[in-house]
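In listed order, ligands and their atoms are each counted from 1.
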Amino acid sequence: MPHFAYQDGVLHAEATSLCAIAAQFGTPTYVYSKAALLENFASYANACAGRDALVCYAMKANSNLAVLDLLARRGAGFDIVSGGELLRVIAAGGDPGKVIFSGVGKSEDEMRLALGHGILCFNVESIPELHRLNQVAGAMGKQAPVSLRVNPNVDAKTHPYIATGLRANKFGVAFDDALDTYRAAAQLPHLRVTGIDCHIGSQLLDDAPLLAALDKLINLIDVLDAEGILLHHLDIGGGIGIAYGEDGEAAPVAVKAYLGRLFERIDLWRAQSHHGVPIKVIFEPGRSIVGNSGVLLTRVEFIKPGPEKNFCVVDAAMNDMMRPALYQAWMGIQPVRKSDRPTLKYDVVGPICESGDWLARERELAVEAGDLLVLMSAGAYGMTMASNYNTRGRAAEVIVDGDLCHLVRRREAAADLFALESTIS
Ligand SMILES: *Cc1c(COP(=O)(O)O)cnc(C)c1O
């Protein structure tokens with residue numbers, strides 16, 4: 001994470017000390033680097049330069065309006081999974097015409113909202129969803145642009161909770177049913193079949209499964225051509241993994257190299273196939289854009305030695321960062337101030353009343369109460385998965401730009417948490 005480095009023994013985000021951020025905004029606080037965010041987006045955008053391609057940032061990874069605005073200004077589209085996310089795109093000044101709508105359970109209201117704003121495409125995942133969308137579009141006098149999320153049945157070799165492209169997953173139309181599903185879609189008068197998509201999983205450590213999925217999609221496009229169903233875009237999804245390891249570890253997949261291999265295959269196919277219309281290539285990256293653009297800054301409340309383990313109790317918890325509790329995810333943890341004190345092995349845990357409330361286990365740390373720590377690689381699936389469990393206000397979020405620091409979401413106060421509630425007596 002090059003934009004998070006030690007200067008004179010103190011961890012900085014760009015040119016801003018994390019000690020200063022803790023003093024100004026308190027803890028726990030999510031700290032994002034603007035430069036890191038834009039560089040990660042540019043690694044996709046640059047690899048797509050001169051091509052008919054669109055990078056639709058999967059905003060469920062981090063949907064802060066400031067993040068969306070920064071990306072929208074650089075031409076990003078957005079991959080959304082709810083009506084709420086569409087309203088965020090619009091609030092941030094993003095273009096609904098570059099929005100694709102994924103997800104297995106779109107409601108009629110969400111479909112109406114998205115049709116009303118003229119989104120680029122609905123990524124449809126089942127036949128009942130096709131019928132619902134056809135009906136909603138018909139009632140509005142519109143034609144809905146549709147892509148089918150095909151499940152290519154390739155093993156992404158990732159954690160079972162984030163593998164999505166196997167036959168046993170709830171996502172997508174089974175590859176063997178795809179042709180029939182396209183035929184059904186083509187018959188529906190208020191749908192316009194425009195593309196094909198897949199998303200095989202997240203935190204992929206290798207691009208081979210993505211290229212295998214690409215081959216299956218390309219094959220299907222050719223088969224559909226023969227049926228007179230001409231597709232205009234090909235969406236390979238997101239899923240590129242990031243390094244969660246110790247600082248300095250290389251990314252498991254270099255985005256530039258992956259896109260190079262992908263476009264090479266597409267060019268080869270275009271040179272051989274009879275597919276007669278241009279085809280736009282769409283990407284849906286989330287984690288690889290924001291994951292290593294952010295850290296979670298937290299303060300040590302207590303050191304609690306135990307008979308079997310030593311606990312380092314911090315003020316961030318599973319409600320702020322679910323990944324360890326949900327996926328047993330390993331995330332790097334570093335002191336804000338380097339020290340020469342002897343280290344001890346700790347489980348770093350939060351104040352929540354659950355044994356699953358841990359952030360890091362069995363880590364060598366030299367810590368005392370009052371010290372600041374950061375959970376590394378926390379920019380993706382951190383704040384967006386945060387909850388108010390235990391009536392804990394969600395963390396503040398700041399974006400660092402050089403030596404400037406912008407508060408982009410204030411810390412929730414307790415009164416915010418019950419403002420929507422009422423008593424009945
Ligand atoms: C979550 C998701 C993504 C983004 O995945 P990352 O691993 O964060 O890149 C892309 N597409 C769909 C449909 C998703 O659900």
- Query: Without hydrogens or angle criteria, can the side chains of N319 and R392 be said to hold a donor-acceptor pair below 3.5 Å?
  - Reply: yes
- Out of curiosity, is G239 lining ligand 1, as in a heavy atom under 4.0 Å away? yes
- Below 4.0 Å from any atom of ligand 1, is there a heavy atom belonging to Y381? yes
- Query: According to the side-chain hydrogen bond (donor to acceptor under 3.5 Å, both in side chains) rule, which pairs have a member within residues 76-101, sequence neighbours left out?
  - Reply: D79-S102
- Query: A61 near ligand 1, heavy-atom distance under 4.0 Å?
  - Reply: no
- What part of D79, side chain, backbone, both or neither, has a heavy atom within less than 4.0 angstrom of ligand 1? side chain
- Item | pair P152-I200: side-chain heavy atoms closer than 4.5 Å | yes
- Item | G237-ligand 1 polar pair, N/O distance under 3.5 Å | no
- Item | Atoms in ligand 1 flagged as close to A58, the criterion being non-hydrogen separation under 4.0 Å | 3 (C), 4 (C), 10 (C)
- Query: Atoms of ligand 1 less than 4.0 Å from S202 heavy atoms?
  - Reply: 6 (P), 7 (O), 8 (O)
- Task: Output, in order, the C-alpha distance, side-chain angles, deciding distance and verdict of salt bridge (Lys or Arg N to Asp or Glu O under 4.0 Å) for R183 and D180.
- Result: CA-CA 5 Å; R183 286 176 180 141; D180 280 342; 2.8 Å; yes
- Message: Within the 4.0 Å heavy-atom shell around R287, which atoms of ligand 1 are there?
- Response: 6 (P), 8 (O), 9 (O)
- Do you see a donor-acceptor pair shorter than 3.5 Å between the side chains of S377 and N292? yes
- Using distance alone, decide if ligand 1 has a nitrogen or oxygen within less than 3.5 Å of any nitrogen or oxygen in R149. no
- Under 4.0 Å between heavy atoms, the region of E284 that gets near ligand 1 turns out to be both
- Query: Atoms of ligand 1 less than 4.0 Å from P285 heavy atoms?
  - Reply: 9 (O)
- Task: Give me the ring orientation class for Y44 and F283: parallel if the planes are under 30° apart, tilted from 30 to 60°, perpendicular past 60°.
- Result: tilted
- Message: For residues 137-148, which residue pairs pass the salt bridge (charged side-chain N to carboxylate O under 4.0 Å, His left out) check, not counting sequence neighbours?
- Response: none
